[in-house]
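These notes concern the structure reproduced below.
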Amino acid sequence: MPDSLTRAVRWDTVVGALLVVLLLLSFGTVDGFGNALNLSFLLGNTLPIALIALPMTLLVVAGEIDLSVASTAGLSGAVMGKLWNDGMAIETIIPLCLLLGVVCGLVNGLLVTRLGLPSLAVTIGTLAAYRGIAQIVLGSNAVTDFPTQYLDFAAGRIGNSFVPQAFLPFLVLLAIAVVVLHATPFGRSLFAIGASEEAARFAGIRVRWHKLILFTMTGLMASLTGIFWALHYASARYDNATGLELSVVAAVLLGGIDFDGGKGTLGGAIAGVFLLGALQNVMSLLNVSAQSQIVVTGVLLVVSVLGPRVARQISVARAGRRAASAPTS
Amino acid sequence: MTHPSDTGPAPVLALEDISKSFGAVRALRDVSLELFPGEVHALAGENGAGKSTLIKTLAGVHRPDAGRVLLDGAPVVFHGPGDARDAGIAVIYQEPTLFPDLSIAENIFMGRQPRRALGRIDHKATHTATAALMKRLGVDLDPERPARGLSIADQQIVEIAKALSFEARVLIMDEPTAALTGSEVARLFGVVRTLRDQGSAVLFISHRLEEIFEICRRVTTLRDGALIASEPLDGMTEDDLVRRMVGRDLDELYPKQDVEPGEVALSVRRLTREGVFTDVSFDVRRGEIVCLAGLVGAGRTEVARAVFGIDRWDAGTVEVDGKGLTNGAPSTAMAAGLALVPEDRRAQGLVMEMSIERNIGLTGLRTTVKAGLMDRDAERSRSLDWAVKLHVKYARIADTVSTLSGGNQQKVVLAKWLATGPKVLIVDEPTRGIDVGTKAEVHRLLGELAAEGVAVLMISSDLPEVLGMADRVLVMHEGRLAAEIPRAEATEETVMAAATGRAAA
């Protein structure tokens with residue numbers, strides 16, 4: 001197994017182990033954690049983070065970031081509510097909203113690739129802009145009367161289990177993302193771009209094109225998440241999903257995706273997502289205030305940037321000792 | 001060797017039998033040098049002759065392994081650049097490093113501005129002191145002007161003023177004229193003469209021989225880290241100097257086989273990138289090794305980058321096998337059969353934290369694919385195959401390339417590109433910084449590739465390498481092709497003459 005992978009797997013294992021420990025502790029000690037209703041809440045509330053984490057992982061691996069995702073989600077929900085209020089058919093609205101997400105992502109991507117601006121700055125700008133447009137579109141209205149079968153799908157569970165129905169499409173998307181990142185030339189190029197953009201360019205990889213695709217896909221997934229959010233909570237408001245980008249970035253970095261690009265696995269990122277989701281769920285059960293939960297997420301973000309680095313340094317030191325004792329032939 | 005000390009004043013600064021090694025590379029061997037007050041002294045030598053190491057030793061950046069540095073006849077040890085500066089030695093580099101948003105005066109007195117009560121900066125005193133320095137140099141620059149927007153020439157003046165403000169008695173100027181226009185050079189020389197007449201010693205480095213003869217009194221020539229001569233320039237000719245710089249015996253074995261050149265594989269016509277290179281046209285035929293020679297900064301690397309599509313060109317055409325390439329598109333250049341082994345293998349040639357396998361695999365992302373997915377077996381066998389063919393020394397193919405030695409890293413870059421089966425191979429300084437054994441292997445490999453019908457374009461600053469390998473030598477000077485010299489007529493003198501802009505070709 002390549003070194004880059006074994007190192008990442010080590011951190012994946014740490015995150016996976018933390019997730020298991022947290023779940024076991026919670027089942028044992030937190031009242032109400034283990035019942036089906038709570039578990040379905042946990043999964044349902046974590047799904048938006050998980051959905052956006054898929055393209056975000058690819059983006060961070062390629063050395064970029066998109067902080068406007070929550071605003072794109074909010075904007076898509078707001079436009080959906082507005083068009084529904086105006087009497088358009090939901091079958092028309094959803095594709096239009098997805099297209100809007102593509103446009104939002106494309107704007108980010110073009111600003112980054114054509115003008116050479118840093119994505120951190122660009123997407124902080126569009127974070128504010130997209131949210132502002134959402135407020136202009138919907139004002140302070142809340143649209144709640146979406147068609148029942150859509151609401152039921154977004155909030156429903158599979159049979160009598162605690163698993164949300166929307167979890168199945170997510171698994172399909174997860175599988176696609178894993179294949180794209182870890183088994184295609186496209187994914188391989190992303191690792192090269194993230195590790196050394198210049199070397200990637202000298203190897204004939206079309207760096208800007210890859211990044212543009214990523215930003216566009218991220219916009220698409222963010223708007224899909226916005227649609228899901230509005231239906232899941234049966235409420236389209238301009239401020240839907242506010243602050244979700246913090247959770248997504250924290251989860252992805254927690255999962256061992258290097259903020260500097262070039263390293264990480266989707267498995268790790270998803271473990272990070274559910275670790276964060278479980279933590280937020282437990283905190284809610286323990287009546288930790290929403291504000292305090294944000295503090296915890298913020299601290300986790302800092303820890304997750306630090307953690308993989310420490311782990312990597314330890315494994316590099318080990319590799320160094322191994323190399324020193326290995327025969328050089 | 002003449003000793004002006006017999007007749008004139010004592011040297012202000014002297015090096016005595018200085019040696020310095022970096023690993024196995026002996027950068028300086030028993031080099032001595034004397035600098036006298038009121039003289040401009042030239043330091044001459046090819047790229048890699050040891051000039052930079054010598055400058056850095058004088059500037060306190062390197063500590064010599066052996067030998068002494070004498071200041072006013074007394075031995076001194078510099079523990080860092082600060083010590084050298086305090087001793088009155090200042091280095092003016094080719095590309096000055098000023099703070100663009102600060103004024104000229106603030107730049108000169110950065111960190112040691114005159115103070116008023118309560119530690120406030122005394123702007124008036126700073127201004128006055130700067131104006132006095134400018135007057136002493138005989139130039140007219142407003143002390144309050146921000147450094148941003150100053151020409152390179154003016155920035156150098158500011159650096160010189162800064163050096164004077166430190167009471168510098170020895171000025172080392174490392175290729176100060178490389179980026180200057182003719183009139184700017186004249187003004188700089190005016191400043192240098194003023195300093196000389198005020199009693200400063202100036203060590204002057206330039207690749208332009210006519211400048212050395214214009215401004216310098218004596219010249220010290222280095223070759224391969226050794227002192228060749230330290231002598232007055234009076235009575236010397238440019239040819240004498242060139243011979244001292246390059247007069248190495250060409251007895252190394254270069255395995256270039258005589259191959260009957262085939263069809264034109266790479267054709268570059270009137271290629272221009274504004275301000276970088278102009279009107280460059282040449283062909284490379286199958287089986288031919290064409291060397292692109294010239295001084296550092298002549299535009300050779302830039303031409304290679306544009307041909308491969310890393311940078312865009314403003315005018316001209318590039319064809320591979322008669323098919324035009326798209327401007328600024330490395331992927332189409334690759335598809336057409338072009339390969340570029342870049343100058344900087346760590347930043348451009350390799351993804352340092354990726355494995356050997358995947359680095360070689362990066363050029364196969366279009367070919368080692370099955371049903372849209374990476375064919376990992378094919379990728380691995382392709383990488384292994386080429387790593388073995390090029391005798392890369394590694395423990396495991398999955399090791400990151402950062403664990404390899406420089407020579408082996410270079411072989412991985414070559415493997416990565418040879419695996420694409422290129423029709424045209426451009427190699428930019430393929431043997432720089434690698435050991436002698438690997439260097440010979442690379443030469444043998446390039447010879448074999450040419451014999452197999454690959455068209456090779458090699459950029460090299462290593463003259464013996466150029467003369468040993470090339471069927472033809474193209475020489476660039478200041479962004480233009482200055483000469484095309486066939487193998488039979490290529491000598492160190494003819495190539496250096498063209499590279500330094502003397503109209504010998």
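Quick caveat, the model's predicted, so the values are computed rather than measured. Residue numbering restarts at 1 for every chain, and letters A, B, ... go by the order of the sequence lines.
Only the side chain of Arg206(A) has a heavy atom closer than 4.5 Å to any heavy atom of chain B. Contacts between Arg305(B) and chain A at a heavy-atom distance below 4.5 Å involve the side chain alone, from C-beta outward. Phe191(A) touches chain B through backbone and side chain together, each having a heavy atom under 4.5 Å away. Both the backbone and the side chain of Leu362(B) come within less than 4.5 Å of a heavy atom of chain A. Within the 4.5 angstrom heavy-atom criterion, only side-chain atoms of Val369(B), from C-beta onward, approach chain A.
When side chains are defined from C-beta on, Arg273(B) counts as touching Asp311(B), because their heavy atoms get closer than 4.5 Å. Using a 4.5 Å heavy-atom threshold, the side chains of Ser68(A) and Glu245(A) count as separate. Taking the side chain as every heavy atom from C-beta outward, Phe308(B) and Pro342(B) never approach each other to under 4.5 Å. A 4.5 Å side-chain heavy-atom check between Pro330(B) and Ile310(B) finds at least one atom pair inside the cut-off.
Among Leu253(A), Val252(A), Leu301(A), the one residue that satisfies the side-chain contact (heavy atoms from CB on, under 4.5 Å) test with Phe259(A) is Leu253(A).
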